[in-house]
Amino acid sequence: MDHHRSRSRRGRRIASWPSLKTDLRNAGADWIDQESVVDGNLVSSRKPDDIPAFNRAMIELFGGARGKAQHATP
């Protein structure tokens, strides 16, 4: 990982393919072994088998963002 990319992962909770665990931890991420992980506006997952869980997390995240936008004051 290059320096710019590693800064964007520092302190983030991230799921990924297990072979990336060491690289992500070295970049400062908190690697999590779960189907999907939500950290702020970032949703990650481990592998293609986890796509249904990833999709559910994305829909929930988008739904929450939509609700916040609808309640925002101009």
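Numbers for residues simply follow the sequence, beginning at 1.
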Check whether any side-chain heavy atom of [X] lies under 4.5 Å from a side-chain heavy atom of [Y], and answer yes or no.
{"X": "W31", "Y": "S44", "answer": "no"}
{"X": "R12", "Y": "D30", "answer": "no"}
{"X": "R46", "Y": "E35", "answer": "yes"}

Would a single hydrophobic cluster contain both [Y] and [X], if residues Ile, Leu, Val, Met, Phe, Trp and Tyr are joined by side-chain heavy-atom contacts under 4.5 Å?
{"X": "L42", "Y": "L24", "answer": "yes"}
{"X": "I32", "Y": "W17", "answer": "no"}
{"X": "I51", "Y": "V43", "answer": "no"}
{"X": "M58", "Y": "V38", "answer": "yes"}

For the atom pair [atom1] ([X]) and [atom2] ([Y]), what is the distance rounded to the nearest 0.5 Å?
{"X": "N55", "Y": "D50", "atom1": "CG", "atom2": "CG", "result": "11.0 Å"}
{"X": "F54", "Y": "D49", "atom1": "CZ", "atom2": "CG", "result": "14.5 Å"}
{"X": "K47", "Y": "S19", "atom1": "NZ", "atom2": "OG", "result": "12.0 Å"}

Can you name the closest pair of heavy atoms from G11 and D39 and give their distance?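 Shortest heavy-atom separation between G11 and D39 comes out as O-OD2, 4.0 Å.
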
Distance-minimising heavy-atom pair for S36 and A53: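 Looks like OG-O, 3.6 Å.
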
